Amino acid sequence: MNSLNPIAIHLVSLGCPKNLVDSEVILGRVGAEGFVIAQRPEDADILMVNTCGFIESAKQESIDAILELVRLKDSDPAKRVVVAGCLGQRYPEELASEIPEIDAIVGMSEYPRMGEILGGLMQEVRDARRVHVGDANHPAWSEDSRLRLTPRHTAYLKISEGCDNPCTFCSIPSFRGRFRSKSPEFIVKEAHELVANGTREINLISQDLTSYGLDIDGEYLLPDIMESLNEVDGIDWIRLLYTYPYKFSDEMIDAVARLDRVIPYIDMPIQHIDNTMLKRMGRRLGEEGTRDLFSRMRERIPSLVLRTTFIVGFPGETKEQFEKLVDFVQETGLERVGVFPWSAEEGTPAEKLPDRVPEQEQQRRVEELMLVQQEVAFSWNRSRLGSEVDVLIDSVCQETGSLLGRSYAEAPEIDSTIRIPAGSGQVGEMVPCRITETDDYDLIAEVTGNLQSIEQAEGGEVDPRITAEGKRLA
């Protein structure tokens, strides 16, 4: 690569936090190889989109993003369009055939070669091969030296790849591969690197956190990883996202309760509560086991906040089974809930199931369940009035100047926010506050004590869907 005229890359990152980490790894590695990261697509030689291929709406968003980059290429034929991520891994030949303007499709196993592939696109004599997609079951390698797309104070840390769970509605194992744990040494090393870069909140992510270690020595090692990360100085919050209920052991419950930096917030999708539906979904924990697990978690983890997700309108779901789910949400007082209509995913067992629920009825059930959950969430917010919490400031509201942050009870990007007055702190600071008002899902608070300052992240809030700073990376 010509150091006087380096190749500029603009990356659009779509999908889940796991994909976001992949984008950060790609940018960090190609940056280290001399590429420049362009803030604007107009300034880039290579336009890349890291796609999502999970459900139909996500696939369509990815296709729209690809076509938008293709239109930019139409106005400047010297540009190159590259597709990475799950959609490229899942449908490489179809994308190459149906969108010939794509210059390269790069699967996940080829990410270590990304610099070589991108550099080859700009050469006068180019490799005729457009599709660079290998086996999805690549090792869970170290993901250090990332170019962060989140604010410096919060980060995602991926501890494994792939999934072995037999959920009948899910296509992820077909393109993310079988479950593979990242080595404990890699995880701890990455945590130290993140802390050195100003991170104080680490969100552990995986398709299934609870299976961590099973492929290493046949044991569930999530408590061990929590213990190791709890000893890393500089971390304030360690949050668990994407746990699996069937494998959430008493040892894991006790680790969350005991370790001071592991916050009492657990994301645990259970998908339904009716036994027949759970069996059709391929879930391994039934209603009795789920209720017992939630009860043990509540008893042993003080101030626990539970997030879960439900699928409604799954094939064969009767009105009675749906109403049972509604009653469960009302009874259990789950603090955070997401509700999604079932969609037929190509190649999954559920795609072939009979007795589909009409889309209009699916959407009606989504809205009904969300209204029920809304009352639960609003009531819980009211119960928090007067309580004192530490608020981690994420951003500044451009319209009002007020600061937007979160307590331990709010995960980044998916949960509500806490507003505090302008001038009460800076992005990346943790501020002791008292909750004074509710505003539907959001809360309003006042500062009550001294700030716990860290160096403010350069540039403040970063949009995780767009790009990194447009600067040369050494």
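Along the sequence shown, the residues carry numbers beginning at 1. The model shown is predicted, which means the values in this text are computed figures rather than measured ones.
We find the CG-CG distance between L443 and N381 to be 4.0 Å, quoted to the nearest 0.5 Å. Of the inter-residue distances, the one linking L221 atom CG with M252 atom CE reads 8.5 Å to the nearest 0.5 angstrom. Atoms OG1 and CH2, on T154 and W237 in that order, are 9.0 Å from each other to the nearest 0.5 Å. For the atom pair CG of L403 and CD1 of I393, the computed distance is 4.5 Å after rounding to the nearest 0.5 Å.
Side chains of R419 and T400: a donor-acceptor N/O pair is absent below 3.5 angstrom, by distance only. Under 3.5 Å, the side chains of D135 and S109 contain no donor-acceptor pair of N or O atoms. Under 3.5 Å, the side chains of S160 and S206 contain a donor-acceptor pair of N or O atoms. Side-chain contact of S407 with E410: a donor-acceptor pair under 3.5 Å is present, judged by distance alone.
No cation-pi contact links K59 to Y91, judged by a cut-off of 6.0 Å to the six-membered ring centre and 45° from its axis.
Between D215 and R178, the closest side-chain pair of non-hydrogen atoms is not below 4.5 Å. Looking at Q362 and V366, their side chains never come closer than 4.5 Å, going by heavy atoms from C-beta outward. Side-chain contact between M114 and H132: absent, with no pair of heavy atoms (C-beta onward) separated by less than 4.5 Å.
Within a 6.0 Å sphere centred on CD of E331, heavy atoms belonging to other residues, nucleotides or ligands number more than 12. The environment of Q363 atom CD is dense: over 12 non-hydrogen atoms of other residues, nucleotides or ligands sit within 6.0 angstrom. A 6.0 Å sphere centred on CD of Q60 holds more than 12 heavy atoms belonging to other residues, nucleotides or ligands.
By the side chain to side chain contact (heavy atoms under 4.5 Å, CB included) test, V82 pairs with I46, M48, A104, V106, L118, L121, sequence neighbours left out. Not counting sequence neighbours, the partners of L72 by the side chain to side chain contact (heavy atoms under 4.5 Å, CB included) test are P41, L47, L69.
Here ring-ring contact (aromatic ring centres under 6.0 Å, His included) pairs that include residues 252-311, with residues two or more places apart or in two chains, number zero. Sorted by first and then second residue, the pairs that involve residues 294-312 and meet salt bridge (charged side-chain N to carboxylate O under 4.0 Å, His left out), not counting sequence neighbours, are D250-R296, D250-R300, D254-R300, D292-R296, R298-E335, R307-D415. Among residues at least two apart or in separate chains, salt bridge (charged side-chain N to carboxylate O under 4.0 Å, His left out) pairs with a member in residues 237-249 are E201-R239, D208-K247. Among residue pairs with one or both ends in residues 364-414, those qualifying as ring-ring contact (aromatic ring centres under 6.0 Å, His included) are F378-Y441; sequence neighbours excluded.
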- Item | Residue pair I311, W342: steps toward the side chain to side chain contact (heavy atoms under 4.5 Å, CB included) verdict | CA-CA 6 Å; I311 296 174; W342 175 76; 3.7 Å; yes
- salt bridge (charged side-chain N to carboxylate O under 4.0 Å, His left out) between D22 and K158: does it pass, once the steps are laid out? CA-CA 9 Å; D22 290 344; K158 193 181 350 168; 2.7 Å; yes
- Under the salt bridge (charged side-chain N to carboxylate O under 4.0 Å, His left out) rule, what do E227 and R258 come out as? Steps first, then yes or no, please. CA-CA 10 Å; E227 185 91 47; R258 174 174 51 85; 3.1 Å; yes
- Tell me, with the steps shown, if E161 and K182 meet salt bridge (charged side-chain N to carboxylate O under 4.0 Å, His left out). CA-CA 8 Å; E161 294 282 0; K182 185 184 292 184; over 6 Å; no
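With respect to E368 and R364, a salt bridge is recorded, a charged nitrogen being found less than 4.0 Å from a carboxylate O. Electrostatic pairing of K324 and E320 does not count as a salt bridge here, judged by no charged N lying under 4.0 Å from a carboxylate O.
D164 contributes a side-chain N or O that, together with a main-chain N or O of F179, makes up a donor-acceptor pair within less than 3.5 Å.
A parallel orientation is assigned to the rings of H138 and W141, their planes being inclined by less than 30° (bins at 30° and 60°).
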